[in-house]
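What follows is a set of notes on a single structure, which appears directly below.
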Amino acid sequence: MKLLEDEIRKRGQILPGNVLKVNSFLNHKIDPMLLEAMAEEWYQKFKNEDINKVVTIESSGIAMAILVALKFKCELVFAKKGKSSTLGNVMTASVYSFTKEKDVLISIENGYIREDDNVLIIDDFLANGSACNGLISIIKYAKANVKGIGIAIEKGFQDGGKLLRSQGYKVESLAIIKSMNADSGTIEFMEAE
Ligand code: 5GP
């Protein structure tokens, strides 16, 4: 998606450890017009999949996922991180956090994803695939169907996208980074393989 690639080039910052910082328009300060255009792009890619639920992880995924859920006129469920006293019986998965460099427990309350729901997963980044795999395991536990995975920024030089596509999931990333160089600040994009 050219608009997103342009914003990443203009406003993204490459941090050590292959981390891209997009806090100025996606992860901290948010550009709602850009997010709306992204939601429309995902809607066009998944509109024939009969989606009736959008699922993401708190917190960065939520803003994008709300706009996507509005397009599909369906509910959004976001997985909570850590333990919370307000949660009842939950379905959980352990996810390795790429940015925090530790395992994090994610939870979704029983019943919020129902058997036979057609789920679209939305997330901001795809690196090694741990976040998506955690969500997939919860969705499968609930006996629902993963109909697609919409990612804002896939880091194509890491293996998550390859692994998920090889398992048959329809992964649609709006920008795929082929390489990024912290010294020169250059970012190269690629198409999905
Ligand atoms: P994965 O689980 O695929 O290894 O990593 C995806 C998750 O880690 C995303 O939910 C995102 O929060 C975080 N993440 C991975 N890579 C980056 C990155 O380069 N920049 C930022 N801001 N978050 C990232």
Side-chain angles (χ1 to χ4, degrees), residues 1 4-5 7-31 34-35 38-39 42 54-68 76-82 92-108 119-140 146 148-190 192-193:
M1 182 187 180
L4 179 60
E5 290 181 3
E7 287 302 315
I8 294 168
R9 274 210 184 87
K10 216 166 28 183
R11 299 162 82 179
Q13 281 174 271
I14 306 163
L15 303 183
N18 278 330
V19 173
L20 180 68
K21 180 175 170 182
V22 288
N23 283 17
S24 64
F25 61 99
L26 201 68
N27 280 161
H28 187 18
K29 182 154 69 87
I30 289 178
D31 177 345
L34 173 64
L35 262 55
M38 290 162 61
W42 280 314
V54 174
V55 170
T56 189
I57 301 190
E58 69 177 357
S59 57
S60 299
I62 298 174
M64 297 181 302
I66 286 179
L67 296 179
V68 176
L76 153 70
V77 180
F78 63 89
K80 287 183 168 271
K81 285 180 182 160
T92 60
S94 177
V95 164
Y96 182 77
S97 167
F98 188 83
T99 46
K100 297 194 174 75
E101 296 181 338
K102 60 173 190 186
D103 289 321
V104 176
L105 193 74
I106 61 166
S107 311
I108 291 181
V119 176
L120 173 59
I121 293 173
I122 293 289
D123 204 7
D124 57 347
F125 276 91
L126 176 57
N128 296 315
S130 182
C132 282
N133 278 316
L135 290 175
I136 289 169
S137 75
I138 291 178
I139 294 163
K140 281 190 170 162
V146 178
I149 301 171
I151 299 292
I153 305 169
E154 175 178 339
K155 293 188 289 181
F157 52 88
Q158 292 175 281
D159 280 339
K162 215 179 296 165
L163 291 172
L164 290 168
R165 290 185 184 93
S166 72
Q167 289 165 43
Y169 293 109
K170 179 176 173 180
V171 182
E172 294 287 357
S173 302
L174 301 186
I176 305 181
I177 296 176
K178 183 177 175 191
S179 65
M180 55 187 200
N181 185 315
D183 296 329
S184 62
T186 48
I187 299 177
E188 249 191 301
F189 294 97
M190 60 187 273
E193 282 168 355

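Every number for a ligand or one of its atoms is a count from 1 in the order of the listing. Because the structure is predicted, anything quoted here is derived from the model rather than measured. The residues of the chain are indexed from 1 along the displayed sequence.
At most 12 non-hydrogen atoms from other residues, nucleotides or ligands lie less than 6.0 angstrom from NZ of Lys162.
In terms of modelled atom types and a separation under 3.5 Å, the side chain of Lys80 and the main chain of Glu58 share no donor-acceptor contact.
Within 4.0 Å of ligand 1, contacts by protein heavy atoms are made from Asn18, Val19, Leu20, Asn27, Phe98, Thr99, Asp123, Asp124, Phe125, Leu126, Ala127, Asn128, Gly129, Ser130, Ala131, Lys155.
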Steps toward side chain to side chain contact (heavy atoms under 4.5 Å, CB included) verdict (Lys155, Phe98): CA-CA 12 Å; Lys155 293 188 289 181; Phe98 188 83; 3.2 Å; yes
Full working for side chain to side chain contact (heavy atoms under 4.5 Å, CB included) between Gln13 and Asn23: CA-CA 9 Å; Gln13 281 174 271; Asn23 283 17; over 6 Å; no
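In this structure, Phe157 and Asn18 have side chains that are in contact, with non-hydrogen atoms separated by less than 4.5 Å.
For Ser137, there are no side chain to side chain donor-acceptor pair (under 3.5 Å) partners at least two apart in sequence or on another chain.
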